[in-house]
2 protein chains.
Amino acid sequence: MYICLMYSSELIKGTLKTVILKLLTDTKQMYGYEITQKVKELTNAKIVITEGALYPLLHQLEAEGVVTTETVNIGKRIRKYYTLTHTGNERAKEKIYEFADFIQTMNILLDLKPSI
Amino acid sequence: MYICLMYSSELIKGTLKTVILKLLTDTKQMYGYEITQKVKELTNAKIVITEGALYPLLHQLEAEGVVTTETVNIGKRIRKYYTLTHTGNERAKEKIYEFADFIQTMNILLDLKPSI
DNA sequence: GCTTATACATAATTTTCTTATGTATATTTG
DNA sequence: CAAATATACATAAGAAAATTATGTATAAGC
């Protein structure tokens, strides 16, 4: 899923969608490369999203109507900004809630302290 | 990964190994079916391990020297008990620590409360 | 001018499951 | 007591979701 310097890649599988939806909830408009950099920054490079994972997922989210896109010219280069639709906002909330709940379950299963 | 009534399967991918190692850390000797039931019980059936996911992984762990097995006859049926090796104990600690750390990172990323 | 960063995209492959199938015994329930 | 469910193992085909590799191109820093 990601190039990951800290976590075994298997651990992080399936969280990419949730992470993207969360970032778009907070920032409203982001482009792909920006997302990779933000995640890298917020996680101290413990999670680094690869392009091969990111772009296909963004395209999928667009096809599902979760996000809309706007292409902007920056000099001679392009940026493709992604914005959550109404459906996307709902999806984001669901995904984040689901993950929070999942963490709770895993805390019980692994006998971890609530805040670790 | 699992038949999962509550969580989207993608979310749980990669956690099976950690869960198994944790259970074997606590109980020392478990057999496959017992593991599936224990996880079901501890998670209120939010996570249900399928046999297709479990047995190949157990075989893999044995091949890696993480667990040893002992086959026991129960009437005319067999049970294959799994026990962590020394290496397995170390691996278990690593995996559990890694997951705990991962949860911390995800909490920051998703802006969740420490104990949710 | 060369290297790194920015910025997109896709294809081949691998990993890791899900789903399906197979075999067989033990227990519960109607 | 017959049928359904539970116990208990195993493997194979297929799907999902990544990794890795490759491709194109501009901008910035040294």
Side-chain angles (χ1 to χ4, degrees), chain A residues 1-21 29-41 45 47-64 67 69-82 95 102, chain B residues 1-21 29-41 45 47-64 67 69-82 95 102:
Chain A
M1 161 186 278
Y2 318 175
I3 292 170
C4 187
L5 304 174
M6 184 96 188
Y7 305 123
S8 60
S9 68
E10 80 211 16
L11 196 60
I12 309 168
K13 292 198 182 204
T15 60
L16 180 54
K17 194 181 283 181
T18 306
V19 168
I20 291 174
L21 293 177
Q29 245 190 356
M30 295 185 87
Y31 55 98
Y33 187 77
E34 189 184 8
I35 291 172
T36 66
Q37 297 308 300
K38 192 73 181 172
V39 170
K40 197 172 172 180
E41 180 200 324
I47 296 173
V48 179
I49 300 173
T50 61
E51 296 166 307
L54 180 69
Y55 290 115
L57 181 53
L58 286 173
H59 300 162
Q60 185 198 307
L61 290 174
E62 190 181 7
E64 288 172 7
V67 294
T69 62
E70 192 189 343
T71 302
V72 174
N73 292 309
I74 304 293
K76 286 183 180 176
R77 278 191 310 205
I78 56 153
R79 271 186 200 161
K80 206 164 163 184
Y81 280 95
Y82 289 84
K95 276 284 176 190
F102 169 66
Chain B
M1 159 186 275
Y2 317 176
I3 292 170
C4 187
L5 305 173
M6 183 98 188
Y7 307 121
S8 60
S9 68
E10 81 213 15
L11 195 61
I12 310 171
K13 291 200 182 204
T15 60
L16 179 55
K17 195 182 284 182
T18 306
V19 168
I20 290 173
L21 293 177
Q29 242 190 359
M30 294 184 88
Y31 56 98
Y33 187 77
E34 188 183 8
I35 291 172
T36 66
Q37 298 308 300
K38 192 73 182 173
V39 170
K40 196 173 174 182
E41 179 199 324
I47 296 173
V48 179
I49 300 173
T50 61
E51 295 166 308
L54 179 68
Y55 290 115
L57 181 52
L58 286 174
H59 300 163
Q60 186 198 307
L61 290 173
E62 190 182 6
E64 288 172 7
V67 294
T69 62
E70 191 190 344
T71 302
V72 175
N73 291 309
I74 305 292
K76 287 183 181 175
R77 278 191 311 206
I78 56 154
R79 271 186 200 160
K80 205 163 163 186
Y81 280 95
Y82 290 84
K95 276 285 175 189
F102 169 66

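Here is the naming used below: chain letters follow the sequence lines, and residue numbers restart at 1 for every chain.
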- Task: Report the residues that fulfil ring-ring contact (aromatic ring centres under 6.0 Å, His included) with A:Tyr31, sequence neighbours left out, ordered by chain and then residue number.
- Result: A:Tyr81
- May I have the distance from A:Gln37 (atom CD) to C:dC8 (atom P), rounded to whole angstrom? 11 Å
Please list, pair by pair, any protein nitrogen or oxygen found under 3.5 Å from a nitrogen or oxygen in nucleotides 20-25 of chain C.
unit_1: C:dT25; atom_1: O2; unit_2: B:Arg77; atom_2: NH1; d: 2.7

- Task: Hey, which sits more toward the 5' end of DNA chain D by its nearest nucleotide, B:Tyr82 or B:Tyr33?
- Result: B:Tyr33
- Message: Check this for me: A:Lys38, atom NZ, are more than 12 non-hydrogen atoms of other residues, nucleotides or ligands nearer than 6.0 Å?
- Response: no
- Find the distance A:Leu16:CG to D:dA16:P and express it as a whole number of Å. 17 Å
- Residues at least two apart in sequence or cross-chain that pass side chain to side chain donor-acceptor pair (under 3.5 Å) with A:Gln29, listed by chain then number, are A:Glu70
- Message: Among residues at least two apart in sequence or on other chains, which ones pass side chain to side chain contact (heavy atoms under 4.5 Å, CB included) with A:Lys40?
- Response: A:Gln37, A:Ala45, A:Val48
- Whole-Å distance between C:dT15 C1' and A:Ile12 CD1? 14 Å
- Item | Spacing of B:Ile49 atom CD1 relative to C:dT16 atom P, expressed in whole Å | 16 Å
- Counterpart residues, side chain to side chain contact (heavy atoms under 4.5 Å, CB included), relative to A:Gln60 (two or more places apart): A:Lys17, A:Leu57, A:Glu64
- Item | A:Arg79 CZ to D:dA27 P, straight-line distance once rounded to whole Å | 12 Å
- Under the ring-ring contact (aromatic ring centres under 6.0 Å, His included) rule, collect the residues that match up with A:Phe102, sequence neighbours excluded. A:Phe99, B:Tyr7
- Nearest-angstrom distance from the residue atom NZ of A:Lys40 to P of C:dA7: 13 Å
- Could you pick out which residue, B:Gln60 or A:Ile78, lies toward the 5' side of DNA chain C when each is mapped onto its nearest nucleotide? A:Ile78
- Note on the structure: A:Leu57 CG to C:dA9 P, in whole Å, measures 13 Å
- Find the distance B:Leu54:CG to C:dT16:C1' and express it as a whole number of Å. 14 Å
- Task: Would you tell me if any nitrogen or oxygen in the side chain of B:His59 comes within less than 4.0 Å of OP1 or OP2 on D:dC9?
- Result: no
- Passing candidate, side-chain contact (heavy atoms from CB on, under 4.5 Å) with B:Leu58, options B:Thr69, B:Ile20, B:Val67: B:Ile20
- Query: Has B:Tyr55 got a side-chain N or O lying under 4.0 Å from the OP1 or OP2 atom of D:dC9?
  - Reply: yes
- Message: With a 4.0 Å cutoff (strictly under), does any side-chain N or O of B:Lys80 reach OP1 or OP2 of D:dA10?
- Response: yes
- Item | Residue-phosphate contact under 4.0 Å: A:Tyr31 side-chain N/O, C:dA7 OP1/OP2 | yes
